[in-house]
Asks: 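Let me give you the structure first, and then I'll get to my questions.
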There are 2 protein chains.
Amino acid sequence: MTKNDADAPLHLQPYGPGPRAAEKIFETARDLFYREGIRAVGVDEIVSKAGVTKPSLYRSFKSKDDLVAAVLREVEEGFWDRFKSAEDAFPDDPKAQMVAYFEGLAARSGGADYRGCALSNAVVEYPDRSHAGRAVSQTHKQDLRERLRAKAQAMGASDPKALGDAMMLLIEGVFTSSQMFDDDDKPALAVVGAVKALITAYCP
Amino acid sequence: MTKNDADAPLHLQPYGPGPRAAEKIFETARDLFYREGIRAVGVDEIVSKAGVTKPSLYRSFKSKDDLVAAVLREVEEGFWDRFKSAEDAFPDDPKAQMVAYFEGLAARSGGADYRGCALSNAVVEYPDRSHAGRAVSQTHKQDLRERLRAKAQAMGASDPKALGDAMMLLIEGVFTSSQMFDDDDKPALAVVGAVKALITAYCP
DNA sequence: AGAGAATGTAACCGATCGGTACGTACCTTG
DNA sequence: CAAGGTACGTACCGATCGGTTACATTCTCT
């Protein structure tokens, strides 16, 4: 009986192939960064809660900032997964795609533990342009902006840039505002109606 | 010749009446917090750049968090000043008032050193509800939300809550998004058109 | 069984964190 | 001029920050 039981679920295997500490560090850091903020979480807290030690962190990541950037890259992947999932739900119907995305966004933002977008939060936490994590976030937001504009164009909007940017503002508005209201009735619930109204107004 | 030269400008008086160090600390902290983020600024940096010493800080403020809360309270005052100034510009015309506020907001958000709303940023920096600064921010945002809803009602909106919350999302969207784009052509510029479209859509 | 990779142990580093005990210079008041 | 209160600075505190070292141990694969 080997210790690497292939029948057991992956996350319960005592020792899988390849680096394990790195993954635990990564996932622990991702959760802690999101819940408590990046600056509020020290490397000691990360390795402690991950059940590993500090040298393991620095064997897999050059620095804390490097770990932050890696986490944010994964967060970005998750964002695009959700975005594309809304696209796939309504092929060739950009309006329905965006409405679907905003509906999912509004639903997600309702949770009590919702803390908005980790990429947006990182921008707030790191005003310094030279920070690796900020660079990841900023590039992503530029990509998103272009994507929204293209989507507005596909809708046949009279002013695609204006509609795209308006959707951008709504998205960021949901991200930030959902963190500051504890009740179940957050402003973010109004976003679906708002985006529908905007689409109608900008698409003759 | 006394050292307290009444003819000299106030900020150059060697020793004025009452506490001087506290004001320098307060203003220095306000600027540093906004530019670099609250968590990124230590008390040593504050007193150093204010040209005073640390005990002076702790004689006027119980803790760093207390200083943060004090700064945020002043920031809130500034916000309402700008908000009311837009109201005063168009008495008895809530639509024009809000458009005026959003125009001012869009104009302010264009600057390269614009870092959004310090109150919103504080919420992002301090997920912990028990932080004094977060409490100031959160209460202010609740007040703003109610104010916006009342404004929507005064407009005769069909769904005042929805329009008020939609304006809330736009405002927060401008605050956050303006930090992540370095070019002059920020998404925030679309906010005036967006709010006009929303007002039109929600006010039959 | 043995080689090599991955991880843990146990320190340690200088810098900075928020916060404070204590001494000193100043201005006002008698 | 003497006294007292106020405003401020010097020097320091323990804790934590991000990061590093040398070395022992454990697991995996062949």
Side-chain angles (χ1 to χ4, degrees), chain A residues 1-6 8 10 12-29 32-33 36-71 125-126 128 130-133, chain B residues 1-6 8 10 13-26 28-29 32-33 36-71 125-126 128 130-133:
Chain A
M1 164 181 164
T2 168
K3 279 199 167 185
N4 193 345
D5 188 350
L10 253 175
L12 284 182
Q13 286 193 17
Y15 291 100
R20 276 172 46 261
E23 294 179 13
K24 291 201 281 186
I25 290 168
F26 182 89
E27 292 167 11
T28 305
L32 285 176
F33 287 160
E36 305 180 9
I38 301 175
R39 293 198 112 114
V41 176
V43 289
D44 292 283
E45 186 184 355
I46 295 173
V47 297
S48 164
K49 295 200 173 158
V52 298
T53 57
K54 210 164 7 169
S56 285
L57 194 158
Y58 286 97
R59 274 187 276 257
S60 305
F61 305 94
K62 290 184 314 184
S63 62
K64 181 193 176 183
D65 288 354
D66 190 54
L67 171 58
V68 169
V71 164
E125 285 203 75
Y126 292 96
D128 185 0
S130 68
H131 191 280
Chain B
M1 164 180 166
T2 168
K3 279 199 168 186
N4 193 344
D5 188 348
L10 252 175
Q13 287 193 15
Y15 290 101
R20 277 173 44 262
E23 295 179 13
K24 291 202 280 186
I25 290 168
F26 182 88
T28 304
L32 285 176
F33 286 159
E36 305 180 9
I38 300 175
R39 293 197 112 113
V41 176
V43 290
D44 292 281
E45 187 184 353
I46 295 173
V47 298
S48 163
K49 294 202 172 156
V52 298
T53 57
K54 215 172 343 180
S56 286
L57 193 159
Y58 285 97
R59 262 175 236 118
S60 304
F61 306 94
K62 291 184 312 184
S63 62
K64 182 194 175 183
D65 288 354
D66 190 55
L67 171 58
V68 170
V71 164
E125 285 203 75
Y126 292 97
D128 185 0
S130 67
H131 191 279

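Excluded from the calculations below are hydrogen atoms, water molecules and symmetry mates; all remaining heavy atoms, backbone and side chain alike, are included. Lettering of chains follows the sequences in order, A, B, ..., and the numbering in each one begins at 1.
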Asks: In whole angstrom, give the distance that lies between atom CD1 of B:Ile25 and atom C1' of D:dA7.
Replies: 11 Å
Asks: Quick one: is D:dA7 close enough that its OP1 or OP2 comes under 4.0 Å of any side-chain N or O from B:Ser56?
Replies: no
Asks: Consider only side-chain N and O atoms of A:Asp65 and A:Ser63, and report whether a donor and an acceptor are under 3.5 Å apart.
Replies: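 There is no such pair between these side chains.
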Asks: Check this one for me: any side-chain N or O of B:Arg59 less than 4.0 Å away from OP1 or OP2 of D:dT6?
Replies: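 Answer no for this pair, as no side-chain N or O of B:Arg59 is under 4.0 Å from OP1 or OP2.
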Asks: Grab the N/O contacts between the protein and nucleotides 15-21 of chain D below 3.5 Å, and write none if there aren't any.
Replies:
from	atom 1	to	atom 2	distance (Å)
D:dG18	OP1	A:Lys64	NZ	2.9
D:dG18	OP2	A:Val43	N	2.9
D:dG19	OP2	A:Tyr58	OH	2.8
D:dG19	OP2	A:Lys64	N	2.7
D:dG19	O5'	A:Tyr58	OH	3.4
D:dG19	N7	A:Lys54	NZ	3.1
D:dG19	O6	A:Lys54	NZ	2.2

Asks: Kindly write out the residues that satisfy side-chain contact (heavy atoms from CB on, under 4.5 Å) with B:Lys62, not counting sequence neighbours, or none if the list is empty.
Replies: B:Asp66
Asks: If you look at every strand shown and take non-hydrogen atoms under 4.0 Å, does B:Thr53 touch a base, only sugar-phosphate, or nothing?
Replies: base
Asks: Are any of the side-chain heavy atoms of B:Ile46 and B:Phe33 separated by less than 4.5 Å?
Replies: yes
Asks: Rounded to whole angstrom units, what separation is found between the CZ atom of A:Arg20 and the P atom of C:dA5?
Replies: 18 Å
Asks: Quick one: does A:Leu57's side chain get under 4.5 Å of A:Val52's, heavy atoms only?
Replies: no
Asks: When you measure from the side chain of B:Arg39 to the backbone of B:Glu125, do you find a donor-acceptor pair of N or O atoms at a distance under 3.5 Å?
Replies: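 Flag set: sc B:Arg39 to bb B:Glu125 pair under 3.5 Å.
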Asks: On a heavy-atom basis, which atom in B:Ala29 and which in B:Leu67 lie closest, and how many Å separate them?
Replies: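 Smallest heavy-atom distance, with atoms named: CB-CD2, 3.7 Å.
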